[in-house]
Amino acid sequence: MAAAAAEARVFLEVRRRLHSALLILGDPNEGGLPMDVCVTPTSLQLKSPGGCTELWLPAGVRLVPSSCRGLQHVAGDGLHLRLQARAEFCPNLISVFNQSSQAQGCCTFYCQSCGEIIIRNRKLLRVLSLPHENWGALVDEWCCHPNPFANKPLHPQENDCFTGDCFFLVNLRHDLQQPRPEVAPVETRCLSSENHLKMKPKANTKVICKRCKVMLGETVSSETTKFYMTEIIIQPSERNFPIIPRSQFVQSVIAQCLVELSSARSTFRFTLQGQDGKVYILLWLLNSDSLVIEALESSTSIKKFPLLEDLLKADSSSSWNAVKVLYQPCIKSRNAELASSWESDISVHCLTLPSATCLELLLILSRSNATLPPSLRCMNSFQNLGLS
């Protein structure tokens, strides 16, 4: 086939479950040099008067050239076509906590941002998932006697770790390395018995890193602390602190949370709110089986796909395992009406993270959205993207 492009962009999305792929070969500048494109099971070959570039697909990905169909030109994107494809390997999300391997062993908790040790050599005998937030109502429905767990919060013992949707609960009673929470008087207004507004000091329960001052979690009680999964890395004590780019870690943790919650609870819409209770982002999960590959033709040499080199320089793989979501920002009163309707919808699940992390994630989403071809960036007023 022939296409017109001065500097061709190649974008390929492979859907593992559907065994299909969307291939976009395009140039935003119309009227470029003529170019021939040859599709083989393991590569794409681009020929132009200036030379030939062969782009190899990652190992395990194969196309079916004879299945090409739906060829069309989309203004601003270039040529769109669909074909059959197979991707044999599965997404490799960053594992924040492996319950089976970490239990019964000694673990060290690190601040993900700077590597500061938060809890050293903690022996975990039990790693347990916390029940659904509405578990109390379910107990009332199933029991023929009064709920024995009513008004009894679940607090971990010294060698326990409880895992929630996006946080850990640990007991810091006897830990010498525990971070000291900020305790500062915060003026809040409350209505007194005389119906006058009075200023009442309130303790700040934030748990911050001593080194980088990043918020890691909150104190739940005098013995129990909640750490957010986006701020903490848990490793076996014999291992060193793993250096992972911050943006890569955040989007991988969020992607993992969305996939697990959608699978366990059939929930596909989420609100992300800060610890201050403000909603920052609305997320709508579309699918979690995408493999995205893209490249720009900048030379005539044979090369592999350089996807997101600034985030994945240490990764020799040329593939991006993507969780595709739609999102809407809710900062500065944007989409306030839509956010309010989602908050009152019982099918929407709420995730709470530090406010700074919500803003950080919003920036990551915006950057990811900007890398997509223009025709794929929006859908029904939502913005489209993939989390790795």
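Both backbone and side-chain heavy atoms feed into the values below; hydrogens, waters and symmetry mates do not.
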Problem - Stepwise side chain to side chain donor-acceptor pair (under 3.5 Å) check, T357 with E231 - result: CA-CA 9 Å; T357 301; E231 317 305 320; 2.5 Å; yes

Completion exercise
In this structure, OG of S347 is separated from CZ of R265 (nearest 0.5 Å) by 13.5 Å

Exercise for the section: Indicate if L22 and L18 have the same hydrophobic cluster label, given that clusters are the connected sets of ILVMFWY residues with side-chain heavy-atom separations under 4.5 angstrom. Expected result: no

Problem - S252 (side chain) donor-acceptor with Q248 (main chain) under 3.5 angstrom - result: no

Handout entry: Main-chain N/O of A370 paired to R377 side chain as donor or acceptor, under 3.5 Å
Key = yes

Problem - Parallel, tilted or perpendicular, as decided by the 30° and 60° cut-offs, for the rings of Y110 and F241 - result: tilted

Practice task
Any chance you could measure F249, atom CZ, to I243, atom CD1, to the nearest 0.5 Å?
Solution key: 13.5 Å

Practice task
Could you state whether V325 and I331 fall into the same hydrophobic cluster, counting links through intermediate Ile, Leu, Val, Met, Phe, Trp or Tyr residues with side-chain heavy atoms under 4.5 angstrom apart?
Solution key: yes

Practice task
Output the distance between atom CZ (F270) and atom CD1 (I281), rounded to the nearest 0.5 Å.
Solution key: 13.0 Å

Handout entry: Whether over 12 other heavy atoms sit under 6.0 Å from E238 CD
Key = yes

Exercise for the section: Count the heavy atoms belonging to other residues, nucleotides or ligands that lie under 6.0 Å from CH2 of W342, then report whether that count exceeds 12. Expected result: yes

Problem - Side-chain heavy-atom pair L291, N321 within 4.5 angstrom cut-off - result: yes

Exercise for the section: Run through I119, I234, V170 and flag the one making a side chain to side chain contact (heavy atoms under 4.5 Å, CB included) with C107. Expected result: I234

Exercise for the section: Anything under 30° is parallel, anything over 60° is perpendicular, the rest tilted; go ahead and classify F227 against F109. Expected result: tilted

Practice task
Report yes if the side chains of Q273 and C350 come closer than 4.5 Å at any heavy-atom pair, otherwise no.
Solution key: yes

Exercise for the section: Go through the side-chain N and O atoms of R82 and S20 and say whether any donor and acceptor fall under 3.5 Å apart. Expected result: no

Practice task
Report whether V64 and L23 are members of the same hydrophobic cluster (ILVMFWY, side-chain heavy atoms less than 4.5 Å apart, transitive linking).
Solution key: no

Practice task
To the nearest 0.5 angstrom, please state how far the CG atom of L63 sits from the CZ atom of R86.
Solution key: 12.0 Å

Handout entry: Test item: T371 side-chain N/O and S368 main-chain N/O as donor-acceptor pair under 3.5 Å
Key = yes

Practice task
Treating Ile, Leu, Val, Met, Phe, Trp and Tyr as nodes and any side-chain heavy-atom pair under 4.5 angstrom as an edge, say whether L130 and L128 lie in one connected cluster.
Solution key: yes

Exercise for the section: Under the side chain to side chain contact (heavy atoms under 4.5 Å, CB included) rule, what do L261 and L285 come out as? Steps first, then yes or no, please. Expected result: CA-CA 10 Å; L261 287 171; L285 177 64; over 6 Å; no

Exercise for the section: Using atom types as modelled and distance alone, determine if a side-chain donor or acceptor of R211 lies under 3.5 Å from a backbone N or O of C114. Expected result: yes

Problem - Donor-acceptor contact below 3.5 Å, side chain N159 vs main chain R126 - result: no

Fill in the blank from the handout: Sorted by chain and residue number, the side chain to side chain contact (heavy atoms under 4.5 Å, CB included) partners of S43 (sequence neighbours excluded) come out as T40, E54, W56

Problem - Other residues, nucleotides, ligands: >12 heavy atoms within 6.0 Å of D276 CG - result: yes

